[in-house]
Amino acid sequence: ALLNGLCKVGKINEAEVLFHEIMYRDLPADLVTFNTIIDGYCRIGNIDKAFTVKEEMIKKDVSPDTITYNILIRGLCKLGRAQNSMHLLDELIEKKLKPDIFTYNTLLDGLCKLDDRRGAEQLFKYMFENDVLPNVLTYNILIDRYCKDGYLEEAFKLMEDMKNNGISPTTVTYTTLVCGLCKTGQLEEANALFKDMLDKGLPQNVVSYSALIHGFCLHSRMQEAVALLKEMEGKCLVPN
RNA sequence: GUUCCAACG
């Protein structure tokens, strides 16, 4: 817990000192401790040290679990190495561990961010075949990819799919779509969808406002952008 | 107690 606290505030160096102390004195370290420090390294992009710690835990007879793999997979994905992380998925399965929804979402996001929509679609099918059902994040990730590719129709179709599967869209879902509509110049639609969030009882946060404001700015509609900024301040949302 | 998604930068 202490290590996690340090890692979260970007104090990986302090966490590192503490971790070395634990290793040096041969103090007991459990699975969560190892996972936490591995995640700390991944978050600063030091994937090599993350893997080194994975080796260390094995030496201490602590077996990596699905969360360990999820953390490493995410670390690789954030470095744009989603392909490498697919090998980790294979390793995870070889070790008789079960990939969970976090594993799939992380991989899907990594593939999507590499513009590999095909790969993502394949993995999406694969997860169904392995009895892992998509959650709201899974849909959000895919919707984002379709939006960025300009396939707004497909994106909206996915939102319908998620509803049909009993999953409610969130602020992130709407913001993603608002952003997609802005990028394709469909500002009126974006504005309408943004308003829709309120009717659906979803909070409009700083990110949703920013997406729409940015859309208006890109299309030189400054007066509307400023109006939104004021509206946002009126809601005590702090512009960043 | 540890892991997954959206704007701008």
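Proteins get letters first, then strands, A, B, ... in listed order; numbering begins at 1 in each.
Note on N205(A): a base of the nucleic acid sits closer than 4.0 angstrom, heavy atoms only. Residue contacts for I71(A): at a heavy-atom cut-off of 4.0 Å it reaches the sugar-phosphate backbone alone, with no base atom in range. Nucleic acid contact for S210(A): base, since at least one base atom lies under 4.0 Å from a heavy atom of the residue. Heavy atoms of D30(A) sit under 4.0 angstrom from at least one base atom.
Proximity of Y174(A) to D196(A): side-chain heavy atoms (C-beta onward) are separated by under 4.5 Å at one or more points. With contacts defined as side-chain heavy-atom distances shorter than 4.5 Å, the pair M57(A)/T68(A) qualifies. Under the 4.5 Å side-chain criterion, counting only non-hydrogen atoms from C-beta, I67(A) is not in contact with F102(A). Side chains of P134(A) and F128(A) form a contact here, defined as non-hydrogen atoms less than 4.5 Å apart. Residues D149(A) and E154(A) form no side-chain contact, since every pair of their non-hydrogen atoms from C-beta on lies 4.5 Å or further apart.
The side chain of T175(A) approaches rA6(B) more closely than any other nucleotide in the set rA6(B), rC8(B), rC5(B). Distance from the side chain of V172(A) is smallest for rA6(B) among the nucleotides rC8(B), rA6(B), rG1(B). For K183(A), the listed nucleotide lying nearest its side chain is rA7(B); candidates were rA7(B), rU3(B), rC5(B). Among the nucleotides rC4(B), rU2(B), rA6(B), the one closest to the side chain of T106(A) is rC4(B). Among the nucleotides rA6(B), rC4(B), rC8(B), the one closest to the side chain of T171(A) is rA6(B). Side chain of F102(A), nearest nucleotide from rA6(B), rU3(B), rU2(B): rU3(B). Here the side chain of N70(A) is nearest to one of rU2(B), rC8(B), rU3(B), namely rU3(B). Considering only side-chain atoms of K78(A), the nucleotide from rU2(B), rC4(B), rC5(B) that sits closest is rC5(B).
For R43(A) and rC4(B), the shortest distance from a side-chain N or O to OP1 or OP2 is below 4.0 Å. Listed pair K113(A) / rC4(B) fails the phosphate criterion, with no side-chain N or O lying under 4.0 Å from OP1 or OP2. Between R74(A) and rC4(B) there is a side-chain N or O to OP1 or OP2 distance below 4.0 Å. At rA7(B), one or more side-chain N or O atoms of K148(A) fall inside 4.0 Å of OP1 or OP2 (strictly under the cut-off).
Between D109(A) atom CG and rC5(B) atom P the separation is 6 Å, expressed in whole Å. Rounded to whole angstrom, the span from the CG atom of N35(A) across to the P atom of rC4(B) amounts to 12 Å. Look at CG on N240(A): it is 9 Å from C1' on rA7(B), rounded to the nearest Å. Atom CD1 of I44(A) and atom P of rU3(B) are 16 Å apart (whole Å). Rounded to whole angstrom, the span from the CG atom of L107(A) across to the C1' atom of rU3(B) amounts to 12 Å. Atom-to-atom, CD1 of I73(A) to P of rC5(B) comes out at 13 Å; the value is rounded to the nearest Å. Regarding L237(A), its CG atom lies at a distance of 18 Å from the P atom of rC8(B), rounded to whole Å. Residue L92(A) contributes atom CG, which lies 12 Å from atom C1' of rU3(B) at whole-angstrom precision.
K157(A) is linked by a side chain to side chain donor-acceptor pair (under 3.5 Å) to nothing, counting only residues two or more places apart in sequence or in another chain.
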